[in-house]
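Input: a single structure, listed below in structure tokens.
Since this is a predicted model, take the numbers as computed values, not measurements. In what follows, every chain begins at residue 1, and chains take the letters A, B, ... in the order their sequences are listed.
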There are 2 protein chains.
Amino acid sequence: MKNRDKALARLKETLETNGLRMTQQRIEVYLAVAASGCHPCVSEVHEMVRENLPTVSLDTVYRTLWKLSELGLVAPVSSSGDRVRFDAYMRRHHHFVCARCGAVYDFDSPSLDEIRIPEEAWSLGCVWNSHMELRGICLGCCNEGGGTEEGHAEG
Amino acid sequence: MKNRDKALARLKETLETNGLRMTQQRIEVYLAVAASGCHPCVSEVHEMVRENLPTVSLDTVYRTLWKLSELGLVAPVSSSGDRVRFDAYMRRHHHFVCARCGAVYDFDSPSLDEIRIPEEAWSLGCVWNSHMELRGICLGCCNEGGGTEEGHAEG
DNA sequence: AGTCTTGTTGAGAATTATTCTTAAGAAGTA
DNA sequence: TACTTCTTAAGAATAATTCTCAACAAGACT
Ligand SMILES: [Mn+2]
Ligand SMILES: [Mn+2]
Ligand SMILES: [Zn+2]
Ligand SMILES: [Zn+2]
């Protein structure tokens, strides 16, 4: 369990640095997102955490996720409205968003990583980071009923 | 009002092609988003439309926006969960998302436009389109209280 | 180990966002 | 004008998220 220990250490340090307490709830929530490998929504995190901490409330999961996000340990993933999802993979990477089921898949790309933020952007504000977002139909959805038909592709 | 007429023509043709009716509601909703120049959320569109069509219901705005999105006349903008926003600017462009107020700003970039979708991505599904998404603090938010402090920048 | 202080949590109410149901209303057609 | 069918308005119903507040428990200090 190397990753788990790393995550715990990172959590501990960050909480201490910010004068926050290391609670069971924060531990479980963070580990759940970190171990998930995907981009779970709040209720999915709630489910996962309940396996180890059966009485945790949904509200605590919300509060904790937003707190972890303030601390930079997780980041909210932009989805198409319905619900927030969180990502614990904080290194630079990119996203493929399925327009049908809403799932978000990570992918790495050396070529995309080299892209520099264009000057045009800095006139809008202070840029923290960037990533490429692809939209389309994921393999799962492709199989259960066409995915190539429409698409309104642009460039 | 060249743009307005263009938009109306596009709407008319698309609706006809798809056997849908050209109603006052659809006209006003589409023109509102197209003229806004920004990425309004549903209730903002509702407000705008009500100025010309005082009795339009919120539900109709929802229905119409999703229908226009099916038709490829507008597109839902991925935000951080809270609410859907729509974009009528369908040419290739990129987004700057303010992490504080949630506003989404467009920007064009010839250099970013040249980026090709990497092969890695096609193993995840059928890609329709792509855009670069920057996160940070917009000028407005920068002014009313620091925006440079934190940031959790990655690459 | 026991006590205190104060940040955290759980429960449930309260909000907000979005969708559903259904009967009345308006486009396009004959 | 009358008819058919697609659309809409209203309000109820869901789903998502936040708020309130008393009980709880981490960490600090005996
Ligand atoms: Mn990710
Ligand atoms: Mn845009
Ligand atoms: Zn999918
Ligand atoms: Zn802002």
Any side-chain heavy atom of [X] within less than 4.5 Å of one from [Y]?
X	Y	value
A:Lys67	A:Arg63	no
B:Ile137	A:Trp128	yes
B:Met90	B:Leu73	no
B:Leu20	B:Thr14	no
B:Glu16	B:Glu13	no
A:Asp87	A:Asp106	yes

Counterpart residues, ring-ring contact (aromatic ring centres under 6.0 Å, His included), relative to [X] (two or more places apart):
X	value
A:Phe107	A:His94
A:His95	A:His39, A:His93, A:His131
A:Phe86	A:Trp66

Name the pairs: protein N/O against N/O of nucleotides 25-30 of chain D, kept only if under 3.5 Å.
residue : atom : partner : partner atom : Å
D:dG27  : OP1  : A:Met22 : N            : 3.3

Just report the end-to-end axis angle for the helix from C:dA1-D:dT30 to C:dA30-D:dT1, five pairs per end, to 10 degrees.
30°

How many whole angstroms separate atom [atom1] of [X] from atom [atom2] of [N]?
X	N	atom1	atom2	value
A:Lys67	D:dT18	NZ	C1'	15 Å
A:Glu70	C:dG7	CD	P	15 Å
A:Asn18	C:dT8	CG	C1'	16 Å
B:Arg83	C:dT15	CZ	C1'	12 Å
B:Leu71	D:dT7	CG	C1'	14 Å
B:Glu16	C:dA27	CD	C1'	12 Å
B:Trp66	C:dT18	CH2	P	8 Å

Name every residue in residues 58-65 of chain A that has at least one heavy atom under 4.0 Å from any atom of DNA chain C, in order of residue number, or write none if there are no such residues.
A:Asp59, A:Thr60, A:Arg63

So which of residues 37-47 of chain B are in contact with DNA chain C, with a heavy-atom cut-off of under 4.0 Å?
none

Check the interface with nucleotides 1-3 of chain C: list each N/O to N/O pair with the protein under 3.5 Å, or write none.
none

B:Leu134 and side chain to side chain contact (heavy atoms under 4.5 Å, CB included): which partner among A:Leu124, A:Asn129, A:Ile117?
A:Ile117

Under 4.5 Å between side-chain heavy atoms, hopping through other hydrophobics if needed: is there a path connecting A:Leu139 to A:Val97?
no

Run the numbers on A:Leu71 and A:Leu11 for side-chain contact (heavy atoms from CB on, under 4.5 Å), then give the verdict.
CA-CA 9 Å; A:Leu71 298 174; A:Leu11 176 64; 5.9 Å; no

The complete set of salt bridge (charged side-chain N to carboxylate O under 4.0 Å, His left out) pairs with one or both residues in residues 32-44 of chain B, sequence neighbours excluded, reads B:Glu44-B:Arg85

Test side chain to side chain contact (heavy atoms under 4.5 Å, CB included) applied to A:Gln24 - qualifying residues, sequence neighbours left out:
A:Ile27, A:Glu28, A:Leu53

Under a 4.0 Å heavy-atom cut-off, which of residues 28-36 of chain A touch DNA chain D?
none

Shortest non-hydrogen contact between A:Glu120 and B:Ser109, atoms and distance
OE2-CA, 3.7 Å

One should read off an interatomic distance between B:Glu133 CD and A:Ser130 OG, to the nearest 0.5 angstrom, of 10.0 Å

Using the ring-ring contact (aromatic ring centres under 6.0 Å, His included) rule, collect all pairs that involve residues 41-60 of chain A, keeping only residues at least two apart or in two chains.
none

Test log, rule side-chain contact (heavy atoms from CB on, under 4.5 Å), inputs B:Arg50 and B:Val61
CA-CA 10 Å; B:Arg50 278 211 281 193; B:Val61 177; over 6 Å; no

